[in-house]
Amino acid sequence: MIKTKKYIREQLAPLYPPMEVEGLIRIILEQVTGFSPLQMHLNQTEPLPESKIMQITEIVNRLCKSEPIQYILGETEFYGLKFNVSPGVLIPRAETEELVDWIVKEEAGCKSLLDIGTGSGCIPISIAKNTSMERIEGWDISEEALTIARANANRNDARVQFSNQDIFNPTGIDEHKEWEVIVSNPPYVLKEESALMEKNVLDFEPHLALFVPDEDPLLFYRVIAKFAKVHLPPHGKLYFEINERMGEQTSALLRELGFYEILTRKDLQGKVRMIRGRKAEIGQS
Ligand code: GLN
């Protein structure tokens, strides 16, 4: 195993920072050997069988082409739970865990929630597992994402109803239907920002979930907030993950649409990454 570790380290060193390389070595060996950390330690000096070395070589080759480890392994961890991921959905991010945590702490007493643009389903599933909400729904326009989201709900034994909906044209939704909380992590990366993005994101993650046109960065926020004005009860809450450059503009948009108690929050990296607002009483703005 020592030789294998050295091989992985040498291959990945030109591409990934040293700390990340060590993390990848641990993840790859855990996955391929199935060993616990103790077994790993006890077997350190044992060579690995040829079949395992072949599996490792294949993973390393894919990593060398910048493919994200989460897609190679087909899964990732989010908010303490395991989620299947494939290139049809974004890889759940640490900052989205912070958004989930905000909702879990503030909205545990609520009964219903809708996540718009759910992708892997990581938001509604982790909320379902950590609150006693009775009706949780996730919408996505991508059938491929919904297949993964449903598999994730099964895998985590979570009760979430997933449906195919296009937020620009939702169908079959009664105008009186309400959710106490609406949340979304919509596409918010500008095309002009793609020059700064890592190859592993740009070449592998779904552009449908990432990008918004440069000329209208708040496109999704506007349509979702307008939907929320109709489908939240008075004082119901709307939560978003946002582009760190758009905090003020998103606050202004929510204010214009009559939301109140608008709060932004920074993520652990100090970037303005989340926003929340409450729907005013009818007629009040
Ligand atoms: N946080 C993601 C990224 O920076 C973007 C997620 C999104 O567009 N909603 O890659």
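First listed ligand is number 1; within each ligand, the first listed atom is number 1. Atom set for the values below is all heavy atoms of this structure, side chains included, hydrogens, waters and symmetry mates excluded.
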A.B. asks: Could you tell me whether Phe220 and Tyr188 have their ring centroids closer than 6.0 angstrom?
C.D. replies: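 Here the rings of Tyr188 and Phe220 have centres that are no less than 6.0 Å from each other.
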A.B. asks: Ligand 1: which residues have a non-hydrogen atom closer than 4.0 Å?
C.D. replies: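 Lining ligand 1: Leu90, Arg93, Glu95, Asn185, Pro186, Pro187, Tyr188, Val189, Ala209, Leu210, Glu241.
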A.B. asks: Taking salt bridge (charged side-chain N to carboxylate O under 4.0 Å, His left out) as the criterion, tell me which of Glu180, Glu106, Glu261 meets it with Arg278.
C.D. replies: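 So the option named by the test is Glu261.
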A.B. asks: Can you name the nearest heavy-atom pair linking Ile125 to Ser120, along with the distance?
C.D. replies: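 Answer, listing the atom of Ile125 first, then Ser120: CD1-O, 4.3 Å.
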A.B. asks: Is the Phe168-Phe227 ring centre distance short of 6.0 angstrom?
C.D. replies: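 No, they do not, as the ring centres are separated by 6.0 Å or more.
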A.B. asks: Is there a path of hydrophobic side-chain contacts, each under 4.5 Å between heavy atoms of I, L, V, M, F, W or Y residues, that connects Phe78 with Ile72?
C.D. replies: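 Shared cluster, no.
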A.B. asks: Sorted by first residue and then second, give each ring pair (Phe, Tyr, Trp, His ring centres under 6.0 Å) pair with at least one member in residues 6-65; sequence neighbours left out.
C.D. replies: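 Applying ring pair (Phe, Tyr, Trp, His ring centres under 6.0 Å) to every pair that reaches into residues 6-65, excluding sequence neighbours, yields nothing.
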